[in-house]
Every structure is written in C-alpha cells, then in structure tokens.
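Here is the structure we will look at, set down as structure tokens.
Each residue takes its place number in the sequence, starting with 1.
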Amino acid sequence: MRDYDAIVIGGGHAGIEASLALSREGFETLLITQSLDAIGRMSCNPSIGGLAKGNLVREIDALGGEMGHLIDKTMIQMRILNRRRGPAVQAPRAQADKFSYSRLAKETLEKEHHLHLFMDTVVDFIVSGNVIAGVITERGWQISAKTVVLTTGTFMDGKIFIGEYDAPCGRLGESAAIGLGDSLRRLGFHTGRMKTGTPSRVRFSSLDLDEMEVQNGDDVMEAFSFDTDHIDRPSLPCYITYTNDETHRIIRENIHRSPLYGGKIIGKGPRYCPSIEDKVVRFPDRERHQIFVEPEGVGTEEMYLNGLSSSLPEEVQHRFIHSIPGLRHAEIMRPAYAVEYDYLDPMDLYPSLESKILPGLFVAGQTNGTSGYEEAAAQGLIAGMNAAQLLKGEKPVILSRTEAYIGVLIDDLVTKGTKEPYRMFTSRAEYRLSLRHDNADQRLTAIGYNAGLAPKDKMDRLSLKTESIRNVKEILHDSRMNGRNCYDLVRMPETDIHALDIEALASFPYSVLSEAELDIKYEGYLQRQEKEAEKAKRMENMEIPSDFDYDSVDGISSESREKLKTVRPLSIGQASRISGVRVTDIAVLSVAVRSRKRG
C-alpha cells in the first residue's frame with residue numbers, strides 16, 4: 001500500500017472533520033475505519049446542536065468545517081433554544097434524518113480530492129525515532145504517514161452491556177477495536193475507562209400520540225452554516241411524555257440487575273446525561289422524569305426515547321417503557337444499552353491536540369474523554385488543522401477561551417483533564433456574551449482562512465455581512481422616530497429592530513438586523529467583556545518554552561511544581577488555570593519566564 005502524508009483513524013464526527021481538513025489543504029490523507037457504512041453514524045441522539053453545542057457547530061463552520069453543511073441538508077426539525085432569554089444562552093438545535101446525515105457524510109468524503117477511504121482496524125503504530133511514522137492494521141497492512149490523527153470514539157476496547165449480557169462492541173452489532181489500547185499503554189500513554197449509553201428505539205405506528213404533548217419546531221428553519229441562504233426541508237414533530245411511580249418502582253425492583261449498580265461497569269458515566277436507573281436512584285424524591293420521543297428520520301418508523309438511556313435487561317426495559325403514557329403499546333425495535341471504552345488522558349496533549357508522548361500523533365473526540373457529536377467534531381477539526389500546520393512547518397492554530405467555545409473545550413481538557421465524559425455547557429465559557437452563535441463567523445473565519453481551510457468566498461461573504469451590519473448601525477444613527485434617535489431606541493429592551501418603520505432597513509436580511517440589534521443592546525456589556533478579554537490575552541501571550549525547567553525556579557511550592565511539570569503549559573494564562581496551582585506561584589513563574597527571555 002502507498003505512503004500518505006496523513007492517516008486518520010476512525011470515521012465518526014471527529015474523523016470526518018480531521019480528514020477533510022487535511023485533504024482540503026492538499027495533503028494525501030487516508031481515513032481508516034472499521035466500517036465504511038458507519039461513517040458519520042449518529043449512534044445516540046439523532047440531533048445536532050443544543051445549548052453551547054450549537055455554538056460549537058457554528059464555530060466549526062466558520063473555520064471551514066463540514067458539520068454545519070451536513071445538518072443543513074438533512075435536518076427534519078429546527079429550533080432556537082432559549083429564544084426568550086439572553087443572547088449568551090441562545091443556541092440552534094436540529095433533529096437530523098440520521099440515515100441521510102451518515103450517507104451524505106460518506107458521499108462528502110468520497111468526493112474529496114486527496115482523501116482516500118480504507119476499511120480495516122488499526123491495532124498498532126509504527127514509531128521511528130520516538131516520532132509517529134504510520135500504523136499497523138488488523139489484516140497486517142503497514143502504512144506509513146508523516147502524521148496520524150486518532151479518533152476511535154467508543155470503539156477502543158469497547159464493551160456493551162444489556163443486563164447480564166455483554167459483548168466486545170463499540171456499538172450494538174459493531175465490533176470493538178481490540179489491541180490498540182494495549183499498544184498505546186505500551187508506548188506510555190495514560191488510559192482510563194468511561195461509560196456512556198443509549199436508549200431504546202420504538203416503532204412510531206405503535207405509539208399512542210394522543211397521550212403525549214406535541215413539540216413542533218420553529219416555523220422558519222434557520223441554517224447552521226453561514227454559507228446556507230435558505231433551507232427547504234420537511235419538519236417533523238417531537239413528542240413529550242413522563243415517567244411515573246410505576247416506572248420508578250419497576251426500575252428500583254430490578255436495580256440489582258443493572259451492570260452499572262452490579263459492579264460490571266467500572267467506567268465513569270456522564271453526570272449530565274445519566275441513565276434512567278441512575279436518575280431514579282440519585283433523585284428518589286422526583287415524581288417523574290421528562291422523556292422526549294424524537295424521530296430518527298423521514299424514511300423510518302424508529303423513534304428515539306431521549307431520557308430513557310439504560311443498561312437494564314431487555315425484559316425490564318419492556319416493562320418500564322410500557323408503564324409510560326404514550327408508550328404503553330410501544331413496539332421496541334432496538335434495546336437500550338451501555339458501552340464502556342478506553343480513553344486517553346487529555347492532559348497528555350498540547351493545546352494543538354498533538355501528543356506530548358508521541359510527536360506527530362494528534363488525538364480528538366471521545367478518545368479524549370468527551371461526549372457529544374459536536375465536541376468530537378470541534379476537536380477533529382482542530383486536530384486536522386494542526387496536523388496540516390505540522391506538515392507545512394507552521395505554528396499550530398490554538399484558539400483561546402476569549403475567542404471560541406472550541407478554545408474553552410480544548411483548554412479545559414488539556415489543562416484540567418477529565419474523569420467523566422466532558423460535555424460543553426454555556427456556563428463553562430467566561431466570555432459567553434461575546435461567543436454568541438450568530439457572530440462565530442466574525443470571530444473565526446479569518447483564522448480558518450489564514451490557516452488555508454476556509455475558502456475565499458467564505459471571507460467574501462463575511463466582509464459583506466460585516467459591512468451590512470455597519471450600514472445598519474449608521475442608518476439607525478441617522479434616523480429619528482418620535483423625536484428620538486433610532487440607535488438609542490434600539491438600546492431599549494422593549495424595542496424590536498424588525499418592527500421599526502425605517503424604509504432604508506427593508507433591504508437587509510433578517511439575520512443582519514438581528515445581529516446589529518444584539519450588538520447595540522449589549523454594547524456596554526461587550527465593551528467590559530472585551531477589556532477583560534484583553535487582560536486574559538496578555539497572559540496567554542506570555543509564552544512558556546516547552547523545555548522550561550521548573551526545578552530551577554526557587555519559590556514555587558512543590559505541589560504547584562509537580563502540576564506544572566505534568567501539564568507543561570504553553571503560557572502563563574494556561575498555567576494559571578491548572579487546578580491547585582497557587583496565585584503566588586504564578587507570580588513567581590511570571591518573573592522567571594520574563595527573566596529567561598531577557599537572558
């Protein structure tokens with residue numbers, strides 16, 4: 001088999017973005033996956049976006065990634081969450097036709113120049129002089145490459161659990177990747193076990209819809225991608241129902257049969273997306289738990305029971321599902337199950353997502369201990385971009401916490417690590433008012449363009465939008481209504497810019513008017529946040545050399561010294577966010593770094 005510039009391991013959401021980023025920058029890239037039919041598969045929730053997650057998708061798109069395009073072409077319901085609340089906590093979320101999404105993802109990869117797909121399982125790495133040099137597959141292929149991106153998801157030594165049943169799988173019916181975890185441990189990587197799960201799927205025609213609440217999408221489907229002008233897709237409703245005392249009784253009486261509570265599962269599960277048995281045990285006073293019944297696609301009857309993830313035996317699943325209004329006659333097509341898998345300690349990575357242990361190897365997605373398609377895709381994009389930067393001999397792209405949710409995500413992982421599946425939340429971002437989903441292009445498109453990923457027409461579109469927003473503000477400054485300046489009117493919370501009777505504004509798109517309005521309404525807050533961000537940037541710009549000798553610095557506590565040596569932060573800003581490192585030690589370190597630069 002031929003040699004490649006880059007190899008991407010895994011065809012999930014991280015692998016898609018990584019392989020497209022590398023190949024679109026002109027590098028011959030091989031994507032190796034266990035199943036070509038499972039590329040881009042939505043193994044859990046059939047949706048993209050959500051609170052903070054929708055911001056990630058917009059940022060992926062702004063940088064030149066693909067996830068926004070894929071969901072725009074396959075959505076079957078769309079909503080802006082928290083529309084009645086402040087802009088910092090609003091975000092888009094769309095139900096996807098999961099089968100169309102996966103098919104479109106595979107077609108996109110197949111059509112990409114410089115990208116090659118190969119079906120096999122990677123079991124080991126080729127290392128030359130302590131640097132990654134290629135991979136070895138299950139069928140014996142030895143394939144060389146200058147850089148490798150690892151995105152194994154839940155498949156690395158994965159095992160599924162359904163009551164007393166377990167099997168070596170990454171997903172139900174799909175074999176685990178066995179052997180790669182041992183290879184990584186042999187190379188010195190720190191690994192652990194994590195657990196996630198998925199609920200049963202039921203047949204739509206077997207549901208009692210009149211016993212459930214209908215949840216429709218927004219009347220207008222808004223796009224995730226800044227490149228999409230209009231969406232014309234079918235919109236299917238979701239449904240809401242609730243568990244009850246009988247549901248909880250069945251679960252409590254069979255809790256000993258749960259591998260989670262019986263000791264078979266040792267991996268840590270997601271705190272913010274627990275199984276239904278976990279909810280019943282942890283919240284015994286709750287009378288009911290909300291369940292969203294969501295369509296999985298246009299051409300299927302399968303419905304996803306969001307909120308009923310479980311690893312209980314199948315007959316128990318049948319009983320508690322049939323105790324729920326609307327689901328009393330539900331025909332169960334696929335059982336719920338838990339999956340446990342190996343992950344790598346993300347503190348072994350630089351903010352570029354390159355390994356500190358094996359140079360040239362980048363790691364992204366659930367392999368780093370995260371949960372969610374959006375978190376995986378965001379890491380995959382950055383890993384792919386930085387693998388390309390490495391091949392070009394250029395500095396890596398590192399987004400700060402002031403620039404992007406992606407910056408928050410990666411900084412949290414590589415600086416603090418994680419012992420449970422990491423999920424992005426709005427509350428994790430200190431500068432969330434500046435990191436709105438609607439302005440991701442203004443924040444990040446130039447970065448993607450300068451890195452060679454975002455195309456020129458994306459920059460042209462951004463320039464037109466920026467100019468339009470500026471023109472809207474000028475028109476408001478120059479207009480008066482009821483004796484008041486219209487710019488000042490828009491500052492008022494009760495004023496809706498779309499309701500202003502100003503003829504000169506009629507030609508501007510709805511999105512441009514909305515973004516201009518948010519800029520004006522939150523102008524004071526944004527200015528204060530910008531000043532705070534500038535302070536943070538100054539700390540980020542104070543770089544610490546990768547070979548800095550912490551033992552040579554007097555005055556740093558032994559605890560802080562060990563943590564600094566473990567993380568090896570690239571800046572004083574990153575060092576200040578390491579858990580347990582004292583403020584006084586940061587001050588001493590800052591002086592030492594400045595002294596070394598002067599010397």
Scan the side chains in residues 231-239 for donor-acceptor partners under 3.5 Å anywhere in the protein, sequence neighbours excluded, and list what turns up.
{"residue": "R233", "atom": "NE", "partner": "M75", "partner atom": "O", "Å": "2.8"}
{"residue": "R233", "atom": "NH2", "partner": "T74", "partner atom": "O", "Å": "3.3"}
{"residue": "R233", "atom": "NH2", "partner": "M75", "partner atom": "O", "Å": "3.3"}

Donor-acceptor contacts, no H, no angles, side chain residues 60-71, under 3.5 Å, sequence neighbours left out:
{"residue": "D61", "atom": "OD1", "partner": "S225", "partner atom": "OG", "Å": "2.7"}
{"residue": "D61", "atom": "OD2", "partner": "S225", "partner atom": "OG", "Å": "3.4"}
{"residue": "D61", "atom": "OD2", "partner": "F226", "partner atom": "N", "Å": "2.8"}
{"residue": "D61", "atom": "OD2", "partner": "K458", "partner atom": "NZ", "Å": "3.3"}
{"residue": "E66", "atom": "OE1", "partner": "R24", "partner atom": "NH1", "Å": "3.0"}
{"residue": "E66", "atom": "OE1", "partner": "R24", "partner atom": "NH2", "Å": "2.8"}
{"residue": "H69", "atom": "NE2", "partner": "S225", "partner atom": "OG", "Å": "3.1"}
{"residue": "H69", "atom": "NE2", "partner": "D227", "partner atom": "OD2", "Å": "2.8"}

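Contact record, Q379 with G365: OE1-N, 3.2 Å, taken as the closest heavy-atom pair. Of all non-hydrogen atoms in L31 and G10, the two that sit nearest each other are CD1-O, 3.0 Å. Looking at every heavy atom in both residues, L344 comes nearest to L150 through CD1-CD2, 3.9 Å. Nearest heavy-atom pair across I76 and A96 is CD1-O, 3.7 Å. Residue I321 comes nearest to A330 through the heavy atom pair CG2-CB, 4.3 Å, listed as atom of the first residue, atom of the second, then distance. Residues A91 and L51 share a closest heavy-atom pair of CB-CA, 3.9 Å.
S311 and E277 are linked by a side-chain donor-acceptor pair at a separation below 3.5 angstrom, with hydrogens and angles left out of the test. With hydrogens and angles left out, the side-chain atoms of Q366 and T154 include no donor and acceptor closer than 3.5 Å. Side-chain polar atoms of Q317 and S200 form a donor-acceptor pair below 3.5 angstrom. For N386 and S352, the side-chain atoms include no donor-acceptor pair closer than 3.5 Å. Judged by distance alone, the side chains of T191 and R185 do bring a donor and an acceptor atom under 3.5 Å apart.
Applying the ring pair (Phe, Tyr, Trp, His ring centres under 6.0 Å) test to residues at least two apart or on different chains, the pairs with a partner in residues 286-310 are H248-H289. Within the structure, the side chain to side chain donor-acceptor pair (under 3.5 Å) test picks out the following pairs touching residues 36-45 (sequence neighbours left out): R41-E174, N45-S47. Judged as a ring pair (Phe, Tyr, Trp, His ring centres under 6.0 Å), the pairs with a partner in residues 414-433 (not counting sequence neighbours) are, in order, Y272-F425.
Heavy-atom neighbours of R85 CZ from other residues, nucleotides or ligands within 6.0 Å: at or below the threshold of 12. For R328, the CZ atom sits in a packed shell: over 12 heavy atoms of surrounding residues, nucleotides or ligands are nearer than 6.0 Å. The environment of NZ in K159 is sparse: at most 12 heavy-atom neighbours from other residues, nucleotides or ligands sit within 6.0 Å. Within 6.0 Å of the CD atom in E287, the count of heavy atoms belonging to other residues, nucleotides or ligands does not exceed 12.
Between R79 and E294 no salt bridge is recorded (no basic side-chain N to carboxylate O distance below 4.0 Å). Taking 4.0 Å as the cut-off between side-chain N and carboxylate O, E403 and R443 do not count as a salt-bridged pair. A salt bridge links R203 and E331; the closest N-O separation between the charged side-chain nitrogens and carboxylate oxygens is under 4.0 Å. Between R193 and D157 there is no salt bridge, since none of the side-chain N atoms of the basic residue sits less than 4.0 Å from a carboxylate O of the acidic one.
Y242 is linked by a ring pair (Phe, Tyr, Trp, His ring centres under 6.0 Å) to nothing, counting only residues two or more places apart in sequence or in another chain. Residues satisfying the side-chain hydrogen bond (donor to acceptor under 3.5 Å, both in side chains) criterion with D72, sequence neighbours excluded, are T228. Residues forming a salt bridge (charged side-chain N to carboxylate O under 4.0 Å, His left out) with R286 (at least two apart in sequence, or on another chain): none. Taking D411 as the reference, R401, R577 meet the salt bridge (charged side-chain N to carboxylate O under 4.0 Å, His left out) condition, with sequence neighbours excluded. With sequence neighbours excluded, the residues that form a salt bridge (charged side-chain N to carboxylate O under 4.0 Å, His left out) with K106 are E110. Not counting sequence neighbours, the partners of E246 by the salt bridge (charged side-chain N to carboxylate O under 4.0 Å, His left out) test are R249. Judged as a ring pair (Phe, Tyr, Trp, His ring centres under 6.0 Å), and not counting sequence neighbours, the contacts of Y373 are H13.
To the nearest 0.5 Å, atom CE of residue M333 and atom CD of residue E296 are 9.0 Å apart. Within the model, atoms OG of S310 and OH of Y337 stand 13.0 Å from one another, a figure rounded to the nearest 0.5 Å. Between the CZ atom in F155 and the OG1 atom in T121 there is a gap of 9.5 Å [rounded to 0.5 Å].
Remark: side-chain polar atoms of S183 are paired, donor with acceptor, to backbone N or O of V123 under 3.5 angstrom. Within the 3.5 Å criterion, the main-chain N or O of I266 finds a donor-acceptor partner in the side chain of E340. Judged by distance alone, the side chain of N55 and the main-chain N or O of L435 form a donor-acceptor pair under 3.5 Å. At least one donor-acceptor pair closer than 3.5 Å links the side chain of K98 to the backbone N or O of M42. A donor-acceptor contact shorter than 3.5 Å links the side chain of T241 to the backbone of P325. Side-chain N or O atoms of D342 include none that pairs as donor or acceptor with a backbone N or O of G181 at under 3.5 Å. Side chain of E59 to backbone of Y405: a donor-acceptor contact under 3.5 angstrom is found. Of the possible donor and acceptor atoms, one in the side chain of D345 sits under 3.5 Å from a partner among the backbone N and O of M347.
Under the 4.5 Å side-chain criterion, counting only non-hydrogen atoms from C-beta, F118 is not in contact with I7.
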